[in-house]
Amino acid sequence: MSDTKPEASAPRVNHIRWIGRIWSEKPALIAGLFFLTLLSSAVAVAYPYLGKLLLDLMQQLMEKPGSTDPMRDVDRLLLVFVAVGLGGLVASLFPGIRGVTNSIFEHAIRSKYWKKVLGKDHAFFSRFPSGDIVTRLTDDLYDFPKLSWFLCSGIFRAVESISKVAFCLAAMFLLDWRLTLFSLIPLPLMIGLFYVTQDRIYDTFQKNQQAISAINTRLEMSFSGVRIIKAYACEDKYKRFFSEVLHTRWTTEMAVARLEVVLHLIYQYIDYVAQVGIVFAGGLMAVKGKISIGTFYAFYTYLSMLIYPILDIPQLFVSGKRAFVNIDRLEELAAFPEPSAPAKPVPLGAIETISLDGVSFAYGDRPGNALSDLSLTIQRGERIGVIGPVGSGKSTLMKTLLGVLPPGSGTISVNGVDLRSVDLRSYRDKIGYVPQEALLFTGTLRENIDFGSDSPSDALFETAMEAAQLKDELRSFADGEKTAVGQRGVSLSGGQKQRMAIARAIAREPQFLLFDDITASLDAANEERLMRRLDELQVGLGFVIVSHRLSTLQYVDKVLYLEGGKARGFGTHDELLGQPWYRAFIEEHMGRYAQNGPGTQEAGTEPVPATVC
Ligand code: ADP
Ligand code: MG
């Protein structure tokens with residue numbers, strides 16, 4: 001799996017600064033939350049103190065009746081109670097606002113990092129499997145105790161706890177400083193424990209998130225490959241693969257739970273022992289008359305009030321450590337180098353020429369070049385056929401021409417301008433690309449075709465459907481253009497999918513088409529109709545077509561023969577036929593049509609051209 005690399009565990013950013021940046025996007029909300037937090041703590045701490053005042057007043061009245069005007073003091077106390085009660089009412093909004101803010105942050109972070117992911121290139125998507133990306137943008141963000149929970153609820157609960165502890169301690173110091181110091185004994189122990197365990201917490205949680213990523217990657221793979229799994233009847237084998245990743249997740253989740261339970265227990269016991277000590281000491285002082293009953297009551301209440309905040313503060317660090325893992329995983333996505341964009345991209349007019357000059361390309365994880373030192377020029381309206389053995393770099397060349405795979409060395413230039421300085425959008429706007437493996441999005445047939453166009457219209461849709469030879473199919477679908485296609489749509493054959501991809505490319509009204517092997521989707525007669533429509537569609541519509549069918553070569557001006565990523569020949573079909581290796585390839589791999597050769601449409605209708613045999 002991608003993120004098991006050792007560097008994944010190293011923090012990538014200053015986490016506090018990262019949180020500051022996210023917070024700074026919602027300053028009013030954060031300020032409001034701070035205010036409510038402090039108010040809520042102040043109200044909570046005020047109650048025991050009011051209780052003490054009430055008890056002291058009662059004690060005074062019982063011990064020395066008539067020493068004070070009871071009604072005036074009770075009235076005053078009552079007013080204070082009402083004021084504190086109103087404050088409490090406002091503060092009770094606090095948990096609700098925290099919940100809403102969590103969702104706001106979750107949405108903001110997901111949108112931000114999703115945009116970053118969209119800006120990445122092929123290298124990014126080969127490095128991170130899609131299930132892993134999905135986990136980082138979903139599971140890592142929501143719910144307790146993940147990142148967005150931590151950003152608001154986590155931190156503000158801790159602020160509430162810290163302020164409560166601070167207010168309690170202040171009140172306790174006012175009541176009796178010796179008892180207060182005694183109650184501080186467990187604090188250093190708790191902090192020490194956190195420091196000893198923090199690396200363990202980070203690692204355990206990191207492993208848990210990686211396990212979740214692995215499951216999602218497997219899930220994604222099984223759903224997209226479910227037909228193959230069924231066809232090969234290897235459900236059992238797959239179940240075994242799946243149980244492995246599920247088991248890893250179970251183990252890591254148990255490790256997280258174990259760590260949490262043990263830490264929580266230790267924290268609780270430290271606090272418990274301290275509390276028992278304080279009750280004895282405070283009780284003794286009250287009995288000896290060193291402190292009033294009201295003071296003992298307030299002190300005892302503060303102490304029991306302190307337990308949960310004190311237990312909660314280390315939780316902040318624990319959940320913080322987890323959230324930092326989530327931040328690092330997001331930043332790992334963001335930090336992956338973006339494709340370099342020119343500072344001042346040159347907008348492109350009509351494409352006149354596309355030139356490759358000594359272009360080489362290597363896939364990062366593969367030794368050797370997929371394309372080597374390729375040089376050729378394609379003029380406006382020119383039609384190029386690309387042939388060659390499997391793995392010779394035909395698809396790679398198409399993606400390089402599209403500007404998706406930037407060459408490792410050499411240059412691609414359009415109208416004489418290096419593609420690296422060109423505004424890629426304005427270049428790709430003019431290109432219709434039909435990939436070797438057609439992919440349709442979940443949606444209607446019409447949406448899929450319109451996807452290609454900036455200004456879709458009925459006329460354009462009709463034209464595209466007709467050119468791609470899809471008219472008959474359209475009639476056979478019960479829901480017509482509203483037929484659902486894609487992953488959750490009707491079952492389409494590979495050929496139908498690819499013809500839809502052809503229609504999508506034509507709906508772009510491109511100036512240049514890149515067909516990566518459409519042999520399987522169109523028979524020779526349909527191919528001929530498509531070619532005729534392309535002639536009628538637009539003057540000067542050029543294309544590069546990868547093909548395994550000899551008859552395709554009759555529609556192209558020049559043929560590029562690729563072998564091992566190198567251009568072994570580039571010229572007209574007739575010129576190349578002069579080469580024995582070219583003839584041998586045609587006969588061996590395109591033999592089915594070799595009897596006809598280019599210039600003919602149906603097998604056996606034309607005499608065999610002498611040059612082919
Ligand atoms: P063709 O389309 O001519 O069959 P490709 O352009 O698909 O050939 O592949 C050329 C070479 O690059 C092959 O050796 C292939 O294995 C390799 N290759 C293609 N795509 C990838 C990829 N995404 N990652 C790594 N290697 C790849
Ligand atoms: Mg290919």
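We count ligands from 1, going down the list as the structure has it; atoms in each ligand are counted the same way. The basis for the numbers below is simple: all heavy atoms, side chains too, and nothing from hydrogens, waters or symmetry mates.
- In summary, the side chains of Thr572 and Asp574 do not present any donor paired with an acceptor at a separation below 3.5 Å, with no hydrogens or angles considered.
- For a heavy-atom separation below 4.0 Å, the residues in contact with ligand 1 are Tyr363, Asp365, Arg366, Ala370, Pro389, Val390, Gly391, Ser392, Gly393, Lys394, Ser395, Thr396.
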Decide side chain to side chain contact (heavy atoms under 4.5 Å, CB included) for Thr353 and Arg380; before the verdict, give the C-alpha distance in whole Å, the side-chain angles of both, and the deciding distance to 0.1 Å. CA-CA 6 Å; Thr353 56; Arg380 175 179 198 161; over 6 Å; no
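- The closest donor-acceptor contact from the side chain of Gln511 to the backbone of Ile351 lies under 3.5 Å.
- By the 4.5 Å heavy-atom criterion applied to side chains, Leu562 and Leu374 are counted as neighbours.
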Given salt bridge (charged side-chain N to carboxylate O under 4.0 Å, His left out), test Glu473 with Arg499 step by step and report yes or no. CA-CA 10 Å; Glu473 251 104 351; Arg499 271 180 286 142; 3.0 Å; yes
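- You'll find the side chain of Tyr555 stays beyond 4.5 Å of the side chain of Ile545, heavy atoms only.
- Relative to the ring axis of Tyr113, Arg136 does not place its NZ or CZ within 45° and under 6.0 Å from the centre.
- Looking at Ile212 and Glu253, their side chains come closer than 4.5 Å, going by heavy atoms from C-beta outward.
- Between the side chains of Ser392 and Tyr561, no donor-acceptor pair of N or O atoms lies under 3.5 Å.
- Counting only protein N, O or S atoms, 2 lie closer than 2.8 Å to the Mg ion (ligand 2).
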